[in-house]
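Working notes, structure below.
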There are 2 protein chains.
Amino acid sequence: MNESEFLAGYDPRAYPAVAVTVDVVALTIRGGELHVLLVQRGEQPYAGRWALPGGFIRPGEDLPEAAARELAEETGLAERVHIEQLASYGAPERDPRMRVVSISYLAFAPGLPDPRAGSDAADAAWHRADRLPELAFDHERILGNGLERARDKLEYTPLATAFAGERFTISELRAVYETVWGVPLHAGNFHRKILSVPGFVESTGETTESGGARGGPRAKLYRAGDARLLHPALLRPAREEEVR
Amino acid sequence: MNESEFLAGYDPRAYPAVAVTVDVVALTIRGGELHVLLVQRGEQPYAGRWALPGGFIRPGEDLPEAAARELAEETGLAERVHIEQLASYGAPERDPRMRVVSISYLAFAPGLPDPRAGSDAADAAWHRADRLPELAFDHERILGNGLERARDKLEYTPLATAFAGERFTISELRAVYETVWGVPLHAGNFHRKILSVPGFVESTGETTESGGARGGPRAKLYRAGDARLLHPALLRPAREEEVR
DNA sequence: CAAATAGTGTCTGTCAGACAATATGCC
DNA sequence: GGCATATTGTCTGACAGACACTATTTG
């Protein structure tokens with residue numbers, strides 16, 4: 001049976017209600033560590049459990065719009081945030097109350113502030129991505145997919161610049177890669193490689209005001225370039241275990 | 001407002017109904033050309049227009065399950081078909097009748113048969129991917145995303161073997177790449193490269209019964225190997241225009 | 001035999017990674 | 001001064017793409 005026949009013979013309003021939500025995997029870097037935004041549920045089911053921020057789509061609201069709204073409600077920020085669709089989840093029993101299909105979104109932003117305290121959830125906070133509490137629903141799976149997507153996208157898109165500020169040094173950019181990938185990178189090789197990718201970064205002509213905290217020369221400042229894809233890509237160190 | 005508070009204060013059944021459908025971008029290779037499965041709509045809106053096969057999810061049915069069912073209803077095939085989630089679309093006006101959120105799936109299979117004639121739609125047929133009719137709804141966009149995903153996945157996964165038969169020659173595999181990418185590849189270099197990727201293909205020890213139709217030696221036969229990712233990847237010839 | 005195809009060998013340029021070297025600025 | 005960091009240079013091995021070559025089979 002296909003869509004046209006189905007529509008002809010069925011009134012979907014007669015079906016059990018299907019709810020559509022968006023859930024947001026919001027990532028930021030704070031203090032050199034990758035953090036994820038979580039809210040603490042105030043209601044059953046999973047009351048008290050941490051969960052991804054999200055909620056029902058509203059009439060007349062497009063999906064990315066709903067994701068941006070959910071994120072803005074928790075962080076107060078809507079600008080300078082990169083947001084993209086991740087995947088959808090619709091297992092029949094993923095929410096015990098009713099059939100809920102969730103569209104997940106991935107958001108990246110530089111140094112986001114603490115979540116707005118008095119918004120609505122019991123609590124909202126940034127959690128270190130490597131020390132996560134137990135999550136409600138299937139949010140652990142969604143979050144895992146979001147982290148993996150973020151790691152992948154650093155390879156072939158200039159996404160890392162979305163984690164850095166307006167102007168940044170090559171070392172700061174390297175810190176983003178090291179944080180998200182969780183591996184140390186060779187400073188010299190990284191430096192040369194970044195500058196060899198056309199359109200990744202462009203020089204501002206400026207340098208930092210002073211050297212590093214523990215010494216070193218002033219570093220040149222760059223801003224994001226106009227490349228949408230990195231060519232050649234910055235490949236992660238080989239992950240043999242993922243190949244088979 | 002987040003999910004918990006929303007649920008506390010709102011009854012989603014009071015909202016205008018939201019319908020959830022799956023739409024399938026099914027790809028196969030027939031006669032050396034990439035083809036897409038389309039059904040012709042019998043009902044308004046877009047009556048007579050071609051569209052992607054798809055339909056409403058059913059109670060108790062998971063999303064991939066629904067996609068596999070829709071595909072099987074049109075092709076009669078469910079085995080040897082690779083299927084994966086593509087993206088979701090939920091613009092408020094994408095279906096003029098009501099709010100419809102569609103989860104799209106991508107399916108690949110070797111030489112699928114003609115669609116089942118008397119199934120249900122006004123008509124169902126394979127269309128060449130380079131000669132598509134005007135499509136209903138936002139299906140042109142969905143289909144475009146599906147084709148792009150397929151091209152990408154050939155680069156870093158052994159997906160091409162899903163388009164080939166159980167046993168295949170390197171030349172047949174090359175034809176898959178050339179068809180999906182739409183570019184000619186160098187036979188000698190391709191041959192050497194395929195064999196250099198660990199786990200991509202494994203030899204069966206057999207050869208074809210005879211040489212090619214227009215001459216040439218018998219080719220060795222291979223089957224798909226156990227690699228899930230290609231390392232190193234088979235990169236498409238550089239696409240400068242896509243970088244910026 | 002001519003043409004087409006399978007499969008291999010060689011060469012060159014690019015690039016990643018290891019390592020070294022130099023310069024600058026904080027303590 | 002001693003140390004950490006920024007930036008550049010050198011070398012090596014892997015690999016992609018161009019090209020050439022041999023062997024095999026069809027018509």
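Chain A is the first sequence line, chain B the second, and so forth, proteins listed ahead of strands; every chain is numbered from 1.
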Go through DNA chain D in 5' to 3' direction and return only the first and the last nucleotide with some atom under 4.0 Å of chain B's heavy atoms.
D:dA16 to D:dG27

Under the salt bridge (Lys or Arg N to Asp or Glu O under 4.0 Å) test, which residues partner B:R218, sequence neighbours left out?
none

Evaluate whether atom CD of A:E33 has more than 12 neighbouring non-hydrogen atoms of other residues, nucleotides or ligands under 6.0 angstrom away.
yes

Does A:D138 have any salt bridge (Lys or Arg N to Asp or Glu O under 4.0 Å) partners at least two apart in sequence or in another chain, and if so, which?
A:R94

Could you work out, with side chain to side chain contact (heavy atoms under 4.5 Å, CB included) as the rule, every residue matching A:A175, not counting sequence neighbours?
none

Sequence neighbours excluded, which residues qualify as ring pair (Phe, Tyr, Trp, His ring centres under 6.0 Å) partners of B:H186?
none

Does anything in residues 176-190 of chain A pair up under salt bridge (charged side-chain N to carboxylate O under 4.0 Å, His left out), and if so which pairs, sequence neighbours excluded?
A:R174-A:E178

With a sphere of 6.0 Å drawn around CZ of B:R141, does it hold more than 12 non-hydrogen atoms of other residues, nucleotides or ligands?
no

Using the salt bridge (Lys or Arg N to Asp or Glu O under 4.0 Å) criterion, which residues pair with B:K153? Sequence neighbours excluded.
B:E84

Go through the structure and list residues passing ring pair (Phe, Tyr, Trp, His ring centres under 6.0 Å) with B:F190, not counting sequence neighbours.
B:Y177

Generate the contact string for nucleotides 13-22 of chain C. Rules: B means base contact, S means sugar-phosphate contact only, - means no protein heavy atom under 4.0 Å.
---SBBB---

Hey, what are the protein-to-nucleotides 25-27 of chain C N/O distances that come in under 3.5 Å?
unit_1, atom_1, unit_2, atom_2, d
C:dG25, O4', A:G216, O, 2.8
C:dG25, N3, A:G216, N, 3.3
C:dC26, OP1, A:G211, N, 3.4
C:dC26, O4', A:G215, N, 3.4
C:dC26, O3', A:A213, O, 3.2
C:dC27, OP1, A:A213, O, 3.4

Using heavy atoms and a sub-4.0 Å distance, could you list which residues of residues 168-175 of chain A are near DNA chain C? By number, please.
none

Evaluate whether atom CZ of A:R128 has more than 12 neighbouring non-hydrogen atoms of other residues, nucleotides or ligands under 6.0 angstrom away.
yes

Give a yes or no on this: more than 12 heavy atoms of other residues, nucleotides or ligands lie within 6.0 Å of atom CD of B:E166.
no

Just to verify, what does B:E206 make a side-chain hydrogen bond (donor to acceptor under 3.5 Å, both in side chains) with, not counting sequence neighbours?
B:R167, B:T204

